[in-house]
Amino acid sequence: MNQCLPVNAKMSKAKKVLDEARETQNRELDLVDKGLVSFEELPGLFNMINITRLTLSHNKITVISPGIANLLNLEILNLSNNLLTELPVSLSSMPKLRILNCSINRLDTLPRGFGAFPVLEVLDLSYNNLSEKVLPGNFFGMETLRALYLGDNDFEYLPKELGQLKNLQILGLRDNDLLELPREVGELSRLRELHIQNNRLQVLPPEVAQLDLLSNKSVMKMEENPWVNPIAEQYLLGISHVIDYLKTETYRIIYNRHMQGGRSGPPPPKADKSKKASRVRA
């Protein structure tokens, strides 16, 4: 019996938060680090349709109940730092969800139709086990998206549909296995932050030079990649030198030759991710 006490204590702590929120009509629920394992420990949660923010980070939740879509007024959902391996299809039907944080989990798949979010602005899927192979067909149909974080996953390529995210301002792709970026990245006219550090990139599409990545509020991070020598040399001088170089005819020739199979030798090796927390199975 004693072994159950800590769990019951944590469960009653979570229930207490729910009860208080009901009494005070609080529209923001904070259930961080409550030792939660399942939604069964949160009775009546899906009837609280007035809540706008739900924080469930730093728990041990393995499955998100489809009933979460009942929370029709939810605008911010934080599921980071749990043990999730998949997400429910119903999630993308939530009419007011603007910010979704699923970082630091064990996701290795995404549900069909995942790109159907009507008003999503920020999507954080960083530090999972995702790759281009599991992206649903409509993933890049989220026209309202302003920030997309895919860092610390297993992407080697991104499809040309990336260019459809016309409102995207921040694109986080660090710590993947990226071998190239699609030329359509140049169509992201509002992009102000591009994080591509620690990948396997040797060249950049010339179209990157069309982006506004040199203004005061812009950020471009590209270190820890096996760049071809001309890019590596320009990078030592600064990002502005890289951007200027991408505009030259000399570079266009190098890029085209590289993409047409003139890569020198096999692709750079992948980083060893076997000890990554998202790989560990409970």
Side-chain angles (χ1 to χ4, degrees), residues 14 17-18 21-22 25-34 36 38-39 41-59 61-128 130 134-151 153 161-162 164-172 188 190-191 193:
V17 173
L18 292 183
R22 286 190 196 95
Q25 291 292 294
N26 190 352
R27 295 167 69 84
E28 300 189 356
L29 267 185
D30 185 348
L31 292 162
V32 176
D33 197 17
K34 293 286 189 284
L36 297 170
S38 99
F39 278 81
E41 299 167 65
L42 301 169
L45 171 65
F46 299 143
N47 297 326
M48 301 172 68
I49 58 171
N50 63 318
I51 63 172
T52 58
R53 180 198 291 255
L54 175 58
T55 306
L56 288 163
S57 55
H58 294 274
N59 284 293
I61 300 169
T62 55
V63 176
I64 300 298
S65 168
I68 200 160
N70 292 350
L71 304 176
L72 296 177
N73 289 297
L74 200 65
E75 296 177 21
I76 301 172
L77 177 57
N78 188 342
L79 300 169
S80 67
N81 247 300
N82 276 283
L83 303 175
L84 302 174
T85 55
E86 59 182 1
L87 298 170
V89 173
S90 62
L91 207 56
S92 58
S93 68
M94 298 179 77
K96 294 187 178 180
L97 195 65
R98 291 185 301 106
I99 299 174
L100 175 60
N101 186 347
C102 297
S103 64
I104 317 178
N105 276 285
R106 299 176 180 181
L107 298 173
D108 52 20
T109 184
L110 290 173
R112 59 185 169 75
F114 188 72
F117 292 97
V119 297
L120 197 67
E121 295 177 21
V122 178
L123 175 59
D124 192 344
L125 292 170
S126 54
Y127 213 93
N128 280 286
L130 300 170
V134 302
L135 293 181
N138 69 343
F139 185 82
F140 295 103
M142 295 181 271
E143 294 177 5
T144 53
L145 212 56
R146 291 186 297 109
L148 175 60
Y149 300 99
L150 295 174
N153 278 288
E161 286 78 15
L162 174 68
Q164 295 173 10
L165 300 176
K166 301 300 184 193
N167 288 300
L168 202 66
Q169 296 171 27
I170 301 172
L171 178 57
L188 303 176
R190 297 192 175 183
L191 201 69
E193 287 191 30

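N128 and N105 make their closest contact through OD1-C, 3.0 Å (heavy atoms, listed as atom of the first residue, atom of the second, distance). For the residue pair L110 and L125, the shortest heavy atom distance occurs at CD1-CD1, 4.2 Å. Shown here for K34 and V17, the closest heavy-atom pair between the two residues is CE-CG2, 3.9 Å. Here the shortest heavy-atom pairing between P136 and G113 reads CB-N, 4.0 Å. K96 and V119 make their closest contact through C-CG2, 3.6 Å (heavy atoms, listed as atom of the first residue, atom of the second, distance). Smallest separation of non-hydrogen atoms from L168 and L148: CD1-N, 3.8 Å.
Residues satisfying the ring-ring contact (aromatic ring centres under 6.0 Å, His included) criterion with F39, sequence neighbours excluded, are F46. In this view, K166 and E187 satisfy the salt bridge (charged side-chain N to carboxylate O under 4.0 Å, His left out) rule, not counting sequence neighbours. Considering only residues two or more places apart in sequence or on other chains, N47 meets the side-chain hydrogen bond (donor to acceptor under 3.5 Å, both in side chains) condition with none of them. Checked against side-chain hydrogen bond (donor to acceptor under 3.5 Å, both in side chains), S80 has the following partners two or more places apart in sequence or in another chain: N78. Residues forming a side-chain hydrogen bond (donor to acceptor under 3.5 Å, both in side chains) with E75 (at least two apart in sequence, or on another chain): R98. R27 pairs by the salt bridge (charged side-chain N to carboxylate O under 4.0 Å, His left out) definition with nothing, not counting sequence neighbours. Partners of S92 according to the side-chain hydrogen bond (donor to acceptor under 3.5 Å, both in side chains) rule, which considers only residues two or more places apart in sequence or in another chain, do not exist here. With sequence neighbours left out, R53 forms a salt bridge (charged side-chain N to carboxylate O under 4.0 Å, His left out) with E28. With sequence neighbours excluded, the residues that form a side chain to side chain contact (heavy atoms under 4.5 Å, CB included) with P111 are L87, V89, F114.
Applying the side-chain hydrogen bond (donor to acceptor under 3.5 Å, both in side chains) test to pairs two or more places apart or on separate chains, those with a residue in residues 134-148 are E121-R146. Among pairs with a residue in residues 77-96, none fulfils ring-ring contact (aromatic ring centres under 6.0 Å, His included), at least two apart in sequence or across chains.
A 4.5 Å side-chain heavy-atom check between L42 and L56 finds at least one atom pair inside the cut-off. Residues L135 and F140 form a side-chain contact, since some pair of their non-hydrogen atoms from C-beta on lies under 4.5 Å apart.
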Candidate pair L29 and M48, rule side chain to side chain contact (heavy atoms under 4.5 Å, CB included), full reasoning: CA-CA 10 Å; L29 267 185; M48 301 172 68; 4.1 Å; yes
Given side chain to side chain contact (heavy atoms under 4.5 Å, CB included), test N101 with S57 step by step and report yes or no. CA-CA 9 Å; N101 186 347; S57 55; over 6 Å; no
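To the nearest 0.5 Å, the span separating CZ on F139 from CG on L130 amounts to 8.0 Å. Here the CG-CG distance, from L79 to N81, works out to 11.0 Å after rounding to the nearest 0.5 Å. A distance of 5.5 Å separates CD1 in I51 from CG in L45, rounded to the nearest 0.5 Å. Once rounded to the nearest 0.5 Å, the distance linking CD of E86 with OG1 of T109 reads 7.5 Å. With rounding to the nearest 0.5 Å, the separation of CG in N73 from CG in L97 is 11.5 Å. Note that CG of N153 and OG of S126 are 7.5 Å apart. Values are rounded to the nearest 0.5 Å.
Among T55, L91, I99, the one residue that satisfies the side chain to side chain contact (heavy atoms under 4.5 Å, CB included) test with L77 is L91.
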Can you give me every donor-acceptor pair (side chain of residues 61-70, partner residue at least two apart or in another chain, under 3.5 Å) with its distance?
from : atom 1 : to  : atom 2 : distance (Å)
S65  : OG     : G67 : N      : 3.2

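The 12-atom threshold is not exceeded at CZ of R112, counting heavy atoms of other residues, nucleotides or ligands nearer than 6.0 Å.
Without hydrogens or angle criteria, N59 side chain to L31 main chain gives a donor-acceptor distance under 3.5 Å.
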